[in-house]
Structures are given as C-alpha cells and as structure tokens.
*Asks:* 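The structure follows.
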Amino acid sequence: MITQLYCENYTFFLFLIGVLGIFLNQKSIIIIIMSLEIMFLSVSFNFIFFSIYLDNIIGQLFALAILTVAASESSIGLAILVVYYRIRNTITIELMTLTKG
C-alpha cells in the first residue's frame, strides 16, 4: 500500500536529485535542462498525489499545465542549443556570454 509519507519522500528525493544536478554540474547545459525537467516532474507528481488524496481535480489540472509548459520550454531550449551548436560547434556555458545582444 502506498502511503502519503512514501509519496512525499519520493517527490522530495526527485526534487533533490534535480537541484543537485543543477548545482553539481554547471558546465553542461543539457544536464541542467534535464534536471529542470526532473524538478517539474516531481512537483507535478506531488500535485497529482495530493489531488487524489484530497479527492479534488484541481491538482491534476495544475500538473497538466506544468507539464505542458515544461515540454514547450524544453523544446524551445533545445532548439536554441541546436542553433548555437551549429554556429559555435560546442555547447559550453562559459561561451554563452558571447550570445548576449
């Protein structure tokens, strides 16, 4: 049986993995984007769990909105990275200051 404490711990550890992924690997932009997606997923899972626990559909609607925004954000970010890679032939954070306009 899945308890409330089990799901809260699961979402907390997913969020912690995302935060550690951002802070421990600041050189690769791909890993930073993947860590952000893990953080969005953990927040969405928390909304869905409490929506089921409280018997309310609003949490599921928020989770759907979060996942929609996260998917569009990651697709735009990856498109920018593809264009940047075609121009510079590398994807590093140190050289991202060259794109400031």
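Atoms considered below: every heavy atom in the structure, side chains included; atoms not considered: hydrogens, waters and symmetry mates. Just so it is clear, the structure is predicted and the values come from calculations on it, not from any experiment.
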*Asks:* With rounding to the nearest 0.5 angstrom, report the OH to CD1 distance, Tyr85 to Ile30.
*Replies:* 11.0 Å
*Asks:* Please report the closest heavy-atom contact between Gly18 and Ser35, naming both atoms and the distance.
*Replies:* O-CB, 3.3 Å
*Asks:* Check whether Asn9 reaches the backbone of Leu5 with its side chain - one donor and one acceptor, N or O, closer than 3.5 Å.
*Replies:* yes
*Asks:* Could you identify which residues cluster with Ile87, counting Ile, Leu, Val, Met, Phe, Trp and Tyr as linked when any side-chain heavy atoms lie under 4.5 Å apart, either directly or through a chain of such contacts?
*Replies:* Val83
*Asks:* By side-chain contact (heavy atoms from CB on, under 4.5 Å), which residues pair with Ile80, not counting sequence neighbours?
*Replies:* Ile76
*Asks:* Distance check, rounded to the nearest 0.5 Å: Phe62 atom CZ versus Asn56 atom CG?
*Replies:* 10.0 Å
*Asks:* Counting only heavy atoms not in Ile58 (residues, nucleotides, ligands), do more than 12 fall under 6.0 Å from its CD1?
*Replies:* no
*Asks:* Going from CD1 on Ile17 to CG on Leu24, what distance comes out if it is rounded to the nearest 0.5 angstrom?
*Replies:* 11.5 Å
*Asks:* In Å, rounded to the nearest 0.5 Å, how long is the span from CD of Glu37 to CD1 of Ile32?
*Replies:* 13.0 Å
*Asks:* I'd like to check Ser72 versus Thr68 (side-chain heavy atoms, cut-off strictly below 4.5 Å). Are they in contact?
*Replies:* no
*Asks:* Can you list everything that forms a side-chain contact (heavy atoms from CB on, under 4.5 Å) with Ile66? Sequence neighbours excluded, please.
*Replies:* Phe40, Val43, Ser44, Phe47
*Asks:* Side-chain heavy atoms under 4.5 Å apart, restricted to Ile/Leu/Val/Met/Phe/Trp/Tyr: what other residues fall into the cluster of Ile52, or is it alone?
*Replies:* Ile48
*Asks:* Please give me the minimum heavy-atom distance between Met39 and Ile22, naming the atom from each residue.
*Replies:* SD-CD1, 3.7 Å
*Asks:* So which pairs with a foot in residues 8-28 pass ring pair (Phe, Tyr, Trp, His ring centres under 6.0 Å), sequence neighbours left out?
*Replies:* Tyr10-Phe45
*Asks:* From Leu41 CG over to Leu14 CG, what is the distance, rounded to the nearest 0.5 angstrom?
*Replies:* 6.0 Å
*Asks:* With sequence neighbours left out, write down each residue that passes side-chain hydrogen bond (donor to acceptor under 3.5 Å, both in side chains) with Tyr53, or none if nothing qualifies.
*Replies:* Gln4
*Asks:* Side chain to side chain contact (heavy atoms under 4.5 Å, CB included) for Ser42 and Ile38? Distances and angles first, verdict last.
*Replies:* CA-CA 6 Å; Ser42 69; Ile38 289 175; 5.6 Å; no
*Asks:* Please name all residues satisfying side-chain hydrogen bond (donor to acceptor under 3.5 Å, both in side chains) with Glu73, sequence neighbours left out, ordered by chain then number.
*Replies:* none
